[in-house]
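Written out below as C-alpha cells is the structure these notes cover.
All chains are named by letter (A, B, ...) in the order of the sequence lines, taking the proteins before the strands, and each is independently numbered beginning at 1. Note that these values count all heavy atoms, side chains included, but never hydrogens, waters or copies made by symmetry.
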2 protein chains.
Amino acid sequence: MDRELLKQIVDRYEAANFLVNRRLNAMIRELMPEELTIDQFATLRYLRMNEKSTSSELADIFCVGKSSITAIITRLFDKSLLVRIPDDKDRRVTYLALTEEGKRMCDMMEEKIHTLLSKFITQFDEQEALSFIHTFEKLAARLMQGEEYRDENHTEV
Amino acid sequence: MDRELLKQIVDRYEAANFLVNRRLNAMIRELMPEELTIDQFATLRYLRMNEKSTSSELADIFCVGKSSITAIITRLFDKSLLVRIPDDKDRRVTYLALTEEGKRMCDMMEEKIHTLLSKFITQFDEQEALSFIHTFEKLAARLMQGEEYRDENHTEV
DNA sequence: GTAGAATAGTTTAATAATAGAACTATATCA
DNA sequence: TGATATAGTTCTATTATTAAACTATTCTAC
C-alpha cells in the first residue's frame, strides 16, 4: 500500500471513528435509565455474557486498572445489580454475578440499543454490512494479539 | 435483511466496537505525554484542523455540554497550548486557536498515532481497507443526520 | 428604541471513571 | 518455611462530565 494512500486511510479512520463513537455514545447515553452510566452498563453486559468473571478479568478486558473496576463494581453492588461471590478454592478470588434485577436491567438496555443500532445498520445492504463487520472483527482480533502494551501500564506494580 | 441476521450483525458490531475502542484507547493513552489526556488531545486535533472554532462548536461536535468544553479549554490554556481570541463583531463569541507549542504537540502526537494505526491497517489489503473505510464513513454520515437526539440534552437550557 | 427572548460562555457543585500507591489476605514456589 | 506473586480493596488526586445558575451580549417583536 502506498505511503500517501495509507496516510489518507489512517486519517479517514480517525475521523470516522471519532464521529461514530461520539454520536453513538451520546445516543446510547440518552437511552440509559437515570441510575446507570454507559461504563456501568458495559460492565453489566460483560457479566451477562460471561458468568462468574472476576475484577482482574474485567480490568484486562476493559484495559483499566483494578481499582477502577472496584469502583464500578461497588456502585453496581450498591444498586443491587450484582453480587460478589467468594471462591472457596482460592480465597483471594471473588466472582461477580448479576442479580435477577441486574439481568433484567441489562436485557432491557440491550434491547433498546439493538433497536437503535438496527435503524442504522438496516440502511446498508446485507453484503456491505457483512463485509464491514468481518473486517472490523479482524481488526479487533489483531488488536488483541499485539498485547505487548499491557503490564507496566494498567496493572498496578 | 432478515431479523435473525440483523441481530447477529448488531451483536457482532457491539462486540468488535467495544474491543477495538478499548484497546486502541489504551494504546494511544500510552503514547501520550504525561501532561496530556486523550480528550485534551482530541480537542487540540480538532482545533488544528478547524482554525478559529468556538466552545459551542466543540460542544456540538464532541456531543457534550459547553461547561465540559470550558473545563478542557481551561486546562489546555493553562498549559499554554491554546489561546482565546474574542470576536470583535459579536462580543459573546470567543474563538480558540492553538499556540505554536499547541501545534507542535498536536503534530507530534498525530505522527505517533499514525505510526501505531499504520501497523494495523497495513495488515489489510488495500481494497479491503478502502471498502471498510467507505462503509465506516457512510455510517458516520448517517449518524450525523439523525440528529434529533441533541437539544434538551447536551445544551444547558 | 426598548423589553423580553435567545445565545455564548463561565462558574459552581456534584458524580463517575480513572491512575497509582499503599495495603490486606491468600497462595505459590524454591 | 520464607520470599514472592496474585486478587482485590482503600485512599488520594485528577479529569470529564452534567445541570443549574449566572454574566454579558445580541436579536427580535412590538
Heavy-atom donor-acceptor pair, Ser67(B) side-chain to dA19(D) base, under 3.5 Å | yes
Nucleotide nearest Ser68(A) (side chain, heavy atoms from C-beta), chosen from dA19(C), dT10(D), dT10(C) = dA19(C)
Specify the residues of residues 39-50 of chain B, ordered by number, for which at least one heavy atom lies under 4.0 angstrom from an atom of DNA chain C.
-> none
So ring pair (Phe, Tyr, Trp, His ring centres under 6.0 Å) across residues 1-44 of chain B, not counting sequence neighbours, yields Phe62(A)-Phe18(B), Phe136(A)-Tyr13(B)
Contacts of Glu111(A) meeting side-chain hydrogen bond (donor to acceptor under 3.5 Å, both in side chains) (sequence neighbours excluded), chain-then-number -> none
Using heavy atoms and a sub-4.0 Å distance, could you list which residues of residues 71-83 of chain B are near DNA chain D? By number, please.
-> Ala71(B), Ile72(B), Arg75(B)
Sequence neighbours excluded, which residues qualify as side-chain contact (heavy atoms from CB on, under 4.5 Å) partners of Asp107(B)?
-> Arg48(B)
Looking at residues at least two apart in the chain, or sitting in another chain, which of them share a side-chain hydrogen bond (donor to acceptor under 3.5 Å, both in side chains) with Asp39(A)?
-> Arg22(B)
Nearest whole angstrom, please: distance from the P of dA16(C) to the CD1 of Ile69(A).
-> 16 Å
Set of side-chain contact (heavy atoms from CB on, under 4.5 Å) partners for Leu19(A), sequence neighbours left out = Arg23(A), Ala140(B), Met144(B)
Could you state the CD-C1' distance from Glu34(A) to dA16(C), rounded to the nearest angstrom?
-> 13 Å
Using atom CD1 of Ile38(B) as one end and atom P of dA19(C) as the other, report the distance to the nearest whole Å.
-> 10 Å
Sorted by chain and residue number, the salt bridge (charged side-chain N to carboxylate O under 4.0 Å, His left out) partners of Lys138(A) (sequence neighbours excluded) come out as Glu128(B)
Only distances under 3.5 Å count here; give the side-chain donor-acceptor pairs of residues 75-84 of chain A to other protein atoms, sequence neighbours excluded, each with its distance to 0.1 Å.
unit_1	atom_1	unit_2	atom_2	d
Lys79(A)	NZ	Glu35(A)	O	2.9
Lys79(A)	NZ	Gln40(A)	OE1	2.7
Arg84(A)	NH2	Thr74(A)	OG1	3.3

Residues at least two apart in sequence or cross-chain that pass ring pair (Phe, Tyr, Trp, His ring centres under 6.0 Å) with Tyr95(A), listed by chain then number, are none
Could you pull out all residues at least two apart from Lys7(A) that satisfy salt bridge (charged side-chain N to carboxylate O under 4.0 Å, His left out)?
-> Asp11(A)
For DNA chain D, what residues of residues 86-94 of chain A have any heavy atom nearer than 4.0 Å?
-> Arg92(A), Val93(A), Thr94(A)
Keeping the roles fixed (side chain from Ser68(A), backbone from Val64(A)), state whether a donor-acceptor pair exists under 3.5 Å.
-> no
